[in-house]
Amino acid sequence: MALRGLDSPLSVVPWAAALLLVLSVERALALPEICIQCPGSVQNLSEVALYCKQTSDLMLHARCCLNRKGTILGLDLQNCSLKDPGPYFPQAHTAIIIDLHANSLQGDLANTFRGFTQLQTLILPQDVNCPGGINAWDTVTSYINNQTCQEQRNLCNSTGDPEMCPENGSCAPDGPGRLQCVCAEGFHGYKCMRQGSFSLLMFFGILGSTTLSISTLLWGTQRRKAKAS
């Protein structure tokens with residue numbers, strides 16, 4: 001009886017299965033740490049799951065809703081026994097919806113959400129205030145078990161203070177209740193007063209020459225000490 005060659009359809013099946021397994025393992029290992037910070041996966045009826053299932057291009061992996069590029073659009077850390085969101089939380093700054101209820105969160109969360117400019121729905125424990133306060137959101141709703149903050153406001157449109165940013169800067173949102181001044185193109189430095197781009201070539205040139213000079217001086221000093229001894 002002749003043996004099947006590698007080009008036989010049956011012999012390809014184990015190789016294909018092994019390849020799929022490797023790819024799935026690599027993808028699992030590539031998940032952002034915030035997605036696997038809490039054990040388990042997103043519950044089917046959670047707000048994050050419902051949001052993720054609205055679009056076919058979005059996928060649920062562990063505690064995250066990701067697009068095909070791996071960008072976090074939803075994060076569900078409910079019932080994770082958290083006192084704070086943790087050091088990996090900034091990885092979710094691209095999220096549109098985040099659920100943190102059923103946790104014992106402590107302290108002010110205003111700085112925690114710095115840079116979360118895309119966030120539109122935030123579900124918190126009932127006794128935790130929305131970051132930035134009620135003025136940072138269009139709708140704040142309290143329920144028995146949670147508090148929901150919806151539709152983050154762009155406070156740059158309502159501040160009404162023309163002096164908030166320097167002449168060569170403009171106001172930009174920086175998360176719920178937070179603003180930042182961004183220098184116009186071609187300006188940088190304190191109050192955006194310096195014109196022109198920052199010269200990396202000059203910076204590294206000065207750094208390199210300084211390092212070389214110090215190294216030469218130390219080498220000469222050690223050499224003289226060696227001769228004297």
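Fair warning: this is a prediction, and the values are worked out from it, not measured in the lab.
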*asked:* Looking at A49, is its backbone amide N or carbonyl O close enough to the side chain of S46 to form a donor-acceptor pair, meaning the two atoms are under 3.5 Å apart?
replied: yes
*Quick one: salt bridge (charged side-chain N to carboxylate O under 4.0 Å, His left out) partners of D84, sequence neighbours excluded?*
none
*asked:* Could you report the tightest heavy-atom contact between G175 and T117, atom names first, then the distance?
replied: N-CG2, 3.7 Å
*Just wondering, do V182 and C171 contact through their side chains at under 4.5 Å, heavy atoms?*
no
*asked:* Please tell me whether F89 and L119 are part of a single hydrophobic cluster in this structure, the criterion being side-chain heavy atoms less than 4.5 Å apart.
replied: yes
_Would you compute the distance between atom SG of C65 and atom CG of D76 and round it to the nearest 0.5 angstrom?_
10.5 Å
_Approximate separation, where rounding is to 0.5 Å, of F187 CZ and R194 CZ_ = 13.5 Å
*Any side-chain heavy atom of R68 sitting closer than 4.5 Å to one from M59?*
yes
_disulfide (SG to SG under 2.5 Å) partners of residues 82-139, not counting sequence neighbours, each pair once_ = C130-C149
Less than 3.5 Å apart, which donor and acceptor atoms pair up between the side chains of residues 94-114 and the rest of the protein, not counting sequence neighbours?
| unit_1 | atom_1 | unit_2 | atom_2 | d |
| --- | --- | --- | --- | --- |
| T94 | OG1 | I72 | O | 2.6 |
| D99 | OD1 | H101 | N | 3.1 |
| D99 | OD1 | H101 | ND1 | 2.7 |
| D99 | OD2 | H101 | ND1 | 3.4 |
| N103 | OD1 | C80 | N | 2.8 |
| N103 | OD1 | S81 | N | 3.0 |
| N103 | OD1 | L82 | N | 3.0 |
| N103 | ND2 | L77 | O | 2.8 |
| N103 | ND2 | L100 | O | 2.8 |
| N103 | ND2 | H101 | O | 3.3 |
| D108 | OD1 | A110 | N | 3.1 |
| N111 | OD1 | R178 | NH1 | 2.7 |
| R114 | NE | D174 | OD2 | 3.0 |

_Under the salt bridge (Lys or Arg N to Asp or Glu O under 4.0 Å) definition, can you give me all pairs with a residue in residues 136-155, not counting sequence neighbours?_
D138-R153
*asked:* Set out, in order, the CA-CA distance, both residues' side-chain angles and the distance that settles side chain to side chain contact (heavy atoms under 4.5 Å, CB included) for Y51 and L58, then state yes or no.
replied: CA-CA 9 Å; Y51 167 80; L58 302 183; 4.0 Å; yes
*asked:* Assess, by modelled atom type and distance only, whether the side chains of Q120 and Q150 contain a donor and an acceptor separated by less than 3.5 Å.
replied: no
*Please check if atom CD in Q43 has more than 12 non-hydrogen atoms from other residues, nucleotides or ligands closer than 6.0 Å.*
no
*Sequence neighbours left out, what pairs pass salt bridge (Lys or Arg N to Asp or Glu O under 4.0 Å) with at least one residue falling in residues 35-54?*
none
_Transitive ILVMFWY side-chain link I123 to F116, under 4.5 Å_ = no
*For atom CD of Q118, is the number of surrounding heavy atoms from other residues, nucleotides or ligands below 6.0 Å larger than 12?*
no
*Is there side-chain contact between P173 and L155, with at least one heavy-atom pair below 4.5 Å?*
no
*Would you say L31 and Y88 are hydrophobically clustered, going by side-chain heavy atoms of ILVMFWY under 4.5 Å?*
yes
*Heavy-atom closest contact (P131 atom, A136 atom, distance)*: O-CB, 3.8 Å
_How long is the straight-line distance from CZ of R63 back to SG of C38, given to the nearest 0.5 Å?_
3.5 Å
_SG-SG under 2.5 Å, C165 vs C181_ = yes
_Tell me if a side-chain donor or acceptor on Q91 pairs with a main-chain N or O of I34 at a distance below 3.5 Å._
yes
*Would you say the side chain of W137 lies within less than 4.5 Å of the side chain of T148, judging by non-hydrogen atoms?*
no
*Minimum side-chain heavy-atom gap Q147-V140 below 4.5 Å*: yes
*Examine V128 and L75 and state if one hydrophobic cluster contains both, with Ile, Leu, Val, Met, Phe, Trp and Tyr joined whenever side-chain heavy atoms are less than 4.5 Å apart.*
yes
*What side chain to side chain donor-acceptor pair (under 3.5 Å) pairs are there with at least one residue in residues 127-136, not counting sequence neighbours?*
none
*CD1 (I134) with more than 12 external heavy atoms under 6.0 Å*: no
*Should L73 and V48 be counted in the same cluster of Ile, Leu, Val, Met, Phe, Trp and Tyr side chains packed under 4.5 Å apart?*
yes
_Do Q126 and S142 make a side-chain contact, defined as non-hydrogen atoms from C-beta onward lying under 4.5 Å apart?_
yes
